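The structure under discussion appears below in the form of structure tokens.
None of these values were measured; they are calculated from a predicted model.
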Amino acid sequence: MLEVYLKECLYFTANRLGRVISKMAEDEFASSGMSPTSAFLLMAVYENDGISQKELGQILHLQPSTVTRLIEKLAAKGLLYNRMEGRLSLIYATEEGKALEESINECWNNLRSRYVAILGEESDALSLQLDGVSDQLEEIK
């Protein structure tokens with residue numbers, strides 16, 4: 001009976017999916033020497049060098065304190081730096097950070113290929129559906 005409840009519980013199944021996909025992502029990004037979240041933060045900076053911490057949080061759906069912690073870790077590794085402009089903290093990739101772009105993209109492509117091989121091309125539709133559901137649930141909090 002409990003097994004049926006768990007399978008029908010969005011909380012349980014979403015967390016289970018999160019654990020499984022996190023493990024896959026950690027395995028794929030291990031070669032880059034960073035966590036998947038740190039790598040995605042760097043990818044956002046590559047796309048918009050000089051991005052604000054607030055924008056990073058919005059793009060990655062992370063709390064400001066988490067973004068600050070990630071930036072501090074990546075800055076300590078010499079991969080990015082921040083510059084204050086007025087009250088805004090703008091984030092830039094260093095040359096060393098930019099040098100990782102190809103490696104990070106390869107890790108991302110490997111991860112995507114890995115789950116597409118298992119789930120098929122429907123994985124894109126599933127990702128979009130999960131994103132939409134997340135948006136809906138965030139609206140009612």
- Might you point out which heavy atoms bring Glu28 and Cys107 nearest each other, and give the distance in Å? O-SG, 3.3 Å

- Measure the spacing between CE of Met34 and OG of Ser103 and express it to the nearest 0.5 Å. 8.0 Å

- Message: Hydrophobic clustering (ILVMFWY, side-chain heavy atoms < 4.5 Å, transitive) - are Leu62 and Ile21 grouped together?
- Response: yes

- Message: Other residues, nucleotides and ligands only: do more than 12 of their heavy atoms fall within 6.0 Å of CD on Glu106?
- Response: no

- Task: To the nearest 0.5 angstrom, please state how far the CD atom of Glu122 sits from the CD atom of Gln129.
- Result: 12.0 Å

- Does a side-chain heavy-atom distance below 4.5 Å link Phe40 with Leu70? no

- Lys7 to Thr13 - nearest heavy-atom pair and separation: O-CG2, 3.5 Å

- Return yes if some donor-acceptor pair links the side-chain N/O of Thr94 with the main-chain N/O of Leu79 below 3.5 Å, else return no. yes

- Item | Minimal non-hydrogen separation, Leu88 against Ser52, with atom names | CD2-CB, 4.3 Å

- Under a single-linkage definition using a 4.5 Å side-chain heavy-atom cutoff for Ile, Leu, Val, Met, Phe, Trp and Tyr, are Ile71 and Tyr81 assigned to the same hydrophobic cluster? no

- Message: In this structure, would Phe29 and Leu60 fall into the same cluster of hydrophobic residues linked by side-chain contacts under 4.5 Å?
- Response: yes

- Hey, what do you get for CG (Leu126) to CG (Leu17), rounding to the nearest 0.5 Å? 7.0 Å

- Considering non-hydrogen atoms only, spot the tightest contact between Asn82 and Ser89 and give its length. ND2-OG, 3.1 Å

- Item | pair Ile104-Trp108: side-chain heavy atoms closer than 4.5 Å | no

- Query: When rounded to the nearest 0.5 angstrom, what distance separates CG in Leu56 from OG1 in Thr68?
  - Reply: 10.0 Å

- Could you walk me through whether Thr66 and Gln63 pass the side chain to side chain donor-acceptor pair (under 3.5 Å) check? CA-CA 5 Å; Thr66 304; Gln63 295 296 317; over 6 Å; no

- Item | Separation between OG of Ser123 and CZ of Arg114, rounded to the nearest 0.5 Å | 13.5 Å

- Query: Is there side-chain contact between Asn105 and Met43, with at least one heavy-atom pair below 4.5 Å?
  - Reply: yes

- Is any side-chain heavy atom of Ile59 less than 4.5 Å from a side-chain heavy atom of Ile51? yes

- Query: Is the closest basic N to carboxylate O distance between Glu26 and Lys23 below 4.0 Å?
  - Reply: no

- Task: State, to 0.1 Å, how close Ala93 and Asp49 come at their nearest heavy-atom pair, and which atoms those are.
- Result: N-OD1, 2.9 Å

- Between Arg16 and Leu6, is a side chain to side chain contact (heavy atoms under 4.5 Å, CB included) present by the stated rule, with each step listed? CA-CA 10 Å; Arg16 179 178 174 210; Leu6 294 177; over 6 Å; no

- Item | Approximate separation, where rounding is to 0.5 Å, of Lys98 NZ and Tyr92 OH | 10.5 Å

- Sub-4.5 Å side-chain heavy-atom contact between Ile118 and Met24: yes

- Side chain to side chain, Leu80 and Leu41, heavy atoms closer than 4.5 Å: yes

- Shortest non-hydrogen contact from Tyr46 toward Gly97: OH-O, 2.6 Å

